[in-house]
Amino acid sequence: MTNALPSLPSLPFSDIRHLEAHQFLVDEAWLLDAQDYEAWLDTLTDDIRYVMPVRVTTARGAEFDDSPGMAHFDEDKYSLSRRVARFATEHAWTEDPPSRLRHFVTNVRTFEGDDDTHLRVQSAELLFRSRGDVSEAALVSCGREDVLRRCGDRWKLARRTIIADESVLRMQNLAVFL
């Protein structure tokens with residue numbers, strides 16, 4: 001994780017904004033586990049940026065741990081919606097049969113945003129994925145830095161940066177959302 005926020009005081013767990021952000025992440029995990037991707041897309045702002053930089057292992061003091069300009073994902077609402085639409089076709093070979101997924105979200109910390117309509121949220125996620133045609137299940141552990149935006153009476157995801165805990169991902173493909 002880039003740890004861009006640790007010097008800021010996090011909101012107390014009793015703060016309604018923290019509770020709402022935590023509820024958002026739990027509900028989002030449920031949608032992803034249920035593979036209800038159309039409903040998940042509705043939780044994203046129209047200007048979403050969804051990024052997962054490629055992680056690299058460097059010497060201590062190198063002051064970087066990702067490969068500049070390279071990402072597993074660097075997507076917007078259109079590209080995410082195209083991925084979701086593809087799952088509904090016979091051309092989604094990476095997900096036929098569909099994976100069994102479980103998103104575990106923990107270590108949620110919430111911070112003031114740039115204004116009252118934004119929150120910054122850090123969380124840790126562990127994804128368990130099993131496939132009927134693969135004998136070994138896969139795990140992906142990552143940290144996430146999100147920006148939630150108040151849209152009417154609910155929060156939506158405006159930005160997500162996913163930082164994998166490993167440089168080499170041990171799964172057949174990344175046909176999943178983290």
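Throughout, numbering of the chain's residues begins at 1 and tracks the sequence.
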Checklist entry - Is there side-chain contact between Leu32 and Leu101, with at least one heavy-atom pair below 4.5 Å? => result no

Next on the checklist: Check this for me: Glu166, atom CD, are more than 12 non-hydrogen atoms of other residues, nucleotides or ligands nearer than 6.0 Å?
Outcome noted: yes

Item to check | Pair Phe177 and Tyr37, ring centroids less than 6.0 Å apart | outcome: yes

Next on the checklist: Are the side chains of Cys142 and Ile163 in contact, using a 4.5 Å heavy-atom criterion?
Outcome noted: no

Next on the checklist: With side-chain contact (heavy atoms from CB on, under 4.5 Å) as the criterion, how do Leu157 and Glu28 come out once you've worked through the C-alpha distance, each side chain's angles and the decisive distance to 0.1 Å?
Outcome noted: CA-CA 10 Å; Leu157 183 64; Glu28 178 194 36; 4.0 Å; yes

Next on the checklist: Taking CG in Asp115 as the centre, count heavy atoms belonging to other residues, nucleotides or ligands within less than 6.0 Å. Is the count above 12?
Outcome noted: yes

Checklist entry - In Å, rounded to the nearest 0.5 Å, how long is the span from CZ of Arg83 to CG of Leu174? => result 8.0 Å

Checklist entry - Should Thr106 and Ser123 be marked as a side-chain contact (heavy atoms from CB on, under 4.5 Å) after you check the CA-CA gap, both sets of side-chain angles, and the distance that decides it? => result CA-CA 6 Å; Thr106 187; Ser123 62; over 6 Å; no

Item to check | Pair Arg154 + Asp42: basic N to acidic O under 4.0 Å | outcome: yes

Item to check | Minimum side-chain heavy-atom gap Val26-His22 below 4.5 Å | outcome: yes

Checklist entry - Which atom names give the shortest non-hydrogen contact between Met52 and Ala164, and what distance separates them? => result CE-CB, 3.8 Å

Checklist entry - Side chains of Thr161 and Pro53: does their closest heavy-atom pair fall under 4.5 Å? => result yes

Next on the checklist: As an exercise, state the distance from CD of Glu112 to CG of Leu11, rounded to the nearest 0.5 Å.
Outcome noted: 5.0 Å

Checklist entry - Residues two or more places apart in sequence or in another chain: which of them pass side-chain hydrogen bond (donor to acceptor under 3.5 Å, both in side chains) with Ser10? => result none

Next on the checklist: So for atom CG, which belongs to Asp116, do other residues, nucleotides or ligands contribute more than 12 heavy atoms lying within a distance under 6.0 Å?
Outcome noted: no

Checklist entry - Does any N or O in the side chain of Lys77 come within less than 3.5 Å of the main-chain N or O of Leu41, such that one atom is a donor and the other an acceptor? => result yes

Checklist entry - Hey, are Arg49 and Asp74 close enough for a salt bridge, meaning a charged N less than 4.0 Å from a carboxylate O? => result yes

Next on the checklist: Assess the residue pair Leu126 and Leu139 against the criterion (side-chain contact (heavy atoms from CB on, under 4.5 Å)); give the C-alpha distance rounded to whole Å, side-chain angles, the decisive distance to 0.1 Å, and a yes or no.
Outcome noted: CA-CA 7 Å; Leu126 180 66; Leu139 294 173; 4.3 Å; yes

Next on the checklist: I'd like to check the side-chain contact (heavy atoms from CB on, under 4.5 Å) partners of Arg150; sequence neighbours left out, ordered by chain and number.
Outcome noted: Glu20, Thr117, Trp155

Item to check | Reference residue Phe111; test side chain to side chain contact (heavy atoms under 4.5 Å, CB included); the match among His118, Gln122, Arg17 | outcome: Gln122

Next on the checklist: Rounded at 0.5 Å granularity, tell me how far OG in Ser81 sits from CH2 in Trp40.
Outcome noted: 10.0 Å

Item to check | Val176 side chain reached by Leu127 side chain, heavy atoms, under 4.5 Å | outcome: yes

Checklist entry - Do the charged groups of Arg149 and Asp47 touch, with an N to O distance under 4.0 Å? => result yes

Checklist entry - Hey, are the side chains of Pro98 and Gln35 touching, using non-hydrogen atoms and a 4.5 Å cut-off? => result yes

Item to check | Working for salt bridge (charged side-chain N to carboxylate O under 4.0 Å, His left out), residues Arg109 and Glu145 | outcome: CA-CA 10 Å; Arg109 298 176 68 216; Glu145 292 184 359; over 6 Å; no

Checklist entry - What distance do Asp33 atom CG and His103 atom NE2 have between them, rounded to the nearest 0.5 Å? => result 6.0 Å

Next on the checklist: Under a 3.5 Å distance rule, please check whether Tyr50 uses its side chain to pair with a backbone N or O of Leu178 as donor and acceptor.
Outcome noted: yes

Next on the checklist: Distance to the ring centre below 6.0 angstrom and angle to the axis at most 45 degrees; does that hold for Arg102 and Phe104?
Outcome noted: no

Checklist entry - Is there a donor-acceptor pair closer than 3.5 Å between any side-chain N or O of Ser79 and the backbone N or O of Glu75? => result no

Checklist entry - Quick one: are Val105 and Arg144 in side-chain contact, heavy atoms under 4.5 Å? => result yes

Next on the checklist: Could you measure the distance from the NZ atom of Lys156 to the SG atom of Cys151? Nearest 0.5 Å is fine.
Outcome noted: 5.5 Å

Checklist entry - Do you know which of Leu25, Val121, Thr110 makes side chain to side chain contact (heavy atoms under 4.5 Å, CB included) with Leu148? => result Val121

Checklist entry - Asp36 side chain to Leu31 main-chain N or O, any donor-acceptor pair under 3.5 Å? => result no

Checklist outcome for this item: From the list Leu119, Leu19, Thr43, Val108, side chain to side chain contact (heavy atoms under 4.5 Å, CB included) partner of Phe24 resolves to Thr43

Item to check | Asp76 CG to Ile48 CD1 distance, which is reported to the nearest 0.5 Å | outcome: 9.5 Å

